[in-house]
Amino acid sequence: MDHVKDDELRQQAANALIAELRHWREVSDVSQKALARLVRYTPSYVSKVESGTLVPSREFIESADEHLRAGGALLRRWKALRDAGGESRTDKGSASPLVDDPQSAPSNALLVEHERAELIFRGGMFKTRIRRHLRNVGSEPVTQYLIRIAVDRHPGDPERSNQLYREFPLTWEELGLVAVCQDESMAWRVKHDRDAFKEVWLLFENGDGRFPLYPGQSTWIEYVYTVSADKWGPWWTRAIRLPTNLLSMTLDFPADIQPSLWGIETSMTAEASPFKTPISRAEREGRILFSWSTDSPPLHARYRIEWKFKNPAIGREGEMETLAPSERMRSLGIVQEGEPILAEIATRFDLPGEAEDARRGVAQLVATMERVSQVHTFAKGMGIAAPQVGIGRSVAVVRTPDGATITLINPRIIDQSTETDEQYEGCLSFFDVRGMVPRPLRIEVEHQGIEGDTHITVFEGPIARLVCHEIDHLFGLLYRSHMRPGVEPIPVSQYKGTGRPWANRQG
């Protein structure tokens, strides 16, 4: 049985290498033929590598990694394949491809009569909506359809992008992938799950039954997913992988960010060139809609739209500087007062069983904190709890005034001093006001590590205040509940403490 396990490991490593190569070709906007020219191998060689019938040489991988600016990612995948025993198949054909190639959805069985692709930038988030009118022109039922999600936050700087996605990988929770076929929801199965890209089989089935696409039939499928602005890059590509009659693309941006767009086309037989027709532009209700379409795009063509924002500060965060503070926070993904989740007790993590869920929660909180810190100065430190980003789990992150990060998983206050201190606090979930809040000067907090080990940590002074504020969120409380009777928050316009350390108001 060991050889069966070895074959499985080799298969997984080969699939990972192929997926990595396709990913970097996509983000670099390089066709197979263009890559062959760059690395001085034949197009047939590149095709066989990507089909899984040939394991590439180290020289090929090193050259491809350099020209695609993959930052060593391809070489790491190649070494993993070598270590799995795949090196012996280098430069040799194989009777059975290493890459999995399910026959239930052969590529030559489908025709895309119309692809309608839409990208919407709103509230610091990019939402992609793809609708495809598919026709089965083959002789067998189609039961699944492969889609790909790929991002590159820093094109041209692979090390920076790689570091970003290693620390804050794309997660299924944040993508929120939803797919439908006509009025039926579609189940899906993961093919590749990488930090910066995913490949997914959309299944023509759900919990209620199956609905294959039979020969001669046609149907609309639609899928939607979202990616935060801090993980998206200034580009969007549509790749023609199936025969297609019509491709149309629409991009929807806030007018205030002053977007400027241009299009680049590449194919198997041509170098990169500008779109042959202009991108149209229409403005309505504070939004700018860009649209472009092409008839009968050639197979393997790629259409890439890039942009820049003439107002960089607005462009980074996706909102006007003139927005009210609470609306600015909402635009950055912060749940605002009035949402039920802020009044609910967060569910504790069952550790270590839910360690991966806890890690993803921490990563999302840190990423959100980074976005927020770009638009506001937090001289007194800051914090954010999972309910404030729509996650009803017991985890919070605090950043101290000197930049240290405190992670709190399943925290609860088990003791506190009788001495208190009264200071103004602000809350990201209602950031238009500041309130005078008494807090204990010293607290003891029981919390857990990612593997379930229990810790008791003492926090004092301003740090105790920050920790108290975030733990309150995990128990459905806002700082208003701690304010003295008769004391009301003041408008942020009257608050004079922004950018200053805590005052001394011990009581």
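- Looking only at atom types and distance, the side chain of S63 has no donor-acceptor partner in the side chain of Y41 under 3.5 Å away.
- In this structure K48 satisfies the salt bridge (Lys or Arg N to Asp or Glu O under 4.0 Å) test with no other residue, sequence neighbours excluded.
- Rounding to the nearest 0.5 angstrom, the gap separating the CZ atom in R148 from the NZ atom in K191 is 9.5 Å.
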Carefully, step by step, assess E265 and R302 under the rule salt bridge (Lys or Arg N to Asp or Glu O under 4.0 Å).
CA-CA 6 Å; E265 174 184 348; R302 301 164 64 78; over 6 Å; no
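- Remark: E50 engages R22 in a salt bridge, criterion side-chain N to carboxylate O under 4.0 Å.
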Using side-chain contact (heavy atoms from CB on, under 4.5 Å), reason through L38 and E66 one step at a time and then give a plain yes or no.
CA-CA 10 Å; L38 290 170; E66 177 185 357; over 6 Å; no
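- Counting non-hydrogen atoms of neighbouring residues, nucleotides and ligands closer than 6.0 angstrom, the CZ atom of R166 exceeds 12 such neighbours.
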Let me see the working for V137 and L110 under side-chain contact (heavy atoms from CB on, under 4.5 Å), right down to the final yes or no.
CA-CA 6 Å; V137 295; L110 286 174; over 6 Å; no
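- Between the CZ atom of R153 and the CD atom of Q163 there is a distance of 14.0 Å, given to the nearest 0.5 Å.
- Distance SG/C181 to CD/E205: 12.0 Å, rounded to 0.5 Å.
- Between S291 and T250, the side chains place no donor N or O within less than 3.5 Å of an acceptor N or O (distance only, hydrogens not considered).
- A salt bridge links R304 with E306: at least one charged nitrogen is closer than 4.0 Å to a carboxylate oxygen.
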Criterion side-chain contact (heavy atoms from CB on, under 4.5 Å) on V335 and V389, from CA distance to verdict
CA-CA 6 Å; V335 173; V389 296; 5.8 Å; no
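- Here the straight-line distance linking atom CD of E337 with atom CG of D432 works out to 10.0 Å at 0.5 Å rounding.
- Residue pairs meeting the salt bridge (charged side-chain N to carboxylate O under 4.0 Å, His left out) criterion with at least one partner in residues 214-230, sequence neighbours excluded, are R129-E222, R131-E222, D230-R371.
- Side chain to side chain, Y223 and R132 meet the donor-acceptor criterion of an N or O pair below 3.5 Å.
- Under 3.5 Å, the side chains of T53 and S51 contain a donor-acceptor pair of N or O atoms.
- Residues L261 and L251 meet the side-chain proximity criterion, which asks for heavy atoms closer than 4.5 Å.
- Within the 3.5 Å criterion, the main-chain N or O of Y214 finds a donor-acceptor partner in the side chain of Q217.
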Let's go through L428 and V372 carefully: what are the C-alpha distance in whole Å and the side-chain angles of both, what is the deciding distance for side-chain contact (heavy atoms from CB on, under 4.5 Å) to 0.1 Å, and is it a yes or a no?
CA-CA 9 Å; L428 301 178; V372 171; 4.1 Å; yes
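- Once rounded to the nearest 0.5 Å, the distance linking CG of L17 with CZ of R82 reads 12.5 Å.
- A salt bridge is absent between E20 and R76: the closest approach of a Lys/Arg side-chain nitrogen to an acidic carboxylate oxygen does not fall below 4.0 angstrom.
- Shown here are the salt bridge (Lys or Arg N to Asp or Glu O under 4.0 Å) partners of E174, two or more places apart in sequence or in another chain: K231.
- Checked for salt-bridge contact, E62 and R58 meet the test: a charged N lies under 4.0 Å from a carboxylate O.
- With values rounded to the nearest 0.5 angstrom, F253 atom CZ is found 5.5 Å from L119 atom CG.
- Checked by atom type and distance alone, the side chain of D252 never pairs as donor or acceptor with a backbone atom of L289 at under 3.5 Å.
- Using a 30° and 60° split on the angle between ring planes, F211 and F204 fall in the perpendicular class, above 60°.
- Side-chain contact check for S429 and Q388: at least one donor-acceptor pair (N or O, by modelled atom type) lies under 3.5 Å.
- In this structure, W201 has its ring center at least 6.0 angstrom away from the ring center of Y145.
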Are W188 and W172 close enough, and set up right, to give a ring-ring contact (aromatic ring centres under 6.0 Å, His included), and what steps lead you there?
CA-CA 12 Å; W188 45 273; W172 296 107; 5.1 Å; yes
Are W307 and F290 close enough, and set up right, to give a ring-ring contact (aromatic ring centres under 6.0 Å, His included), and what steps lead you there?
CA-CA 11 Å; W307 58 80; F290 299 90; 9.3 Å; no
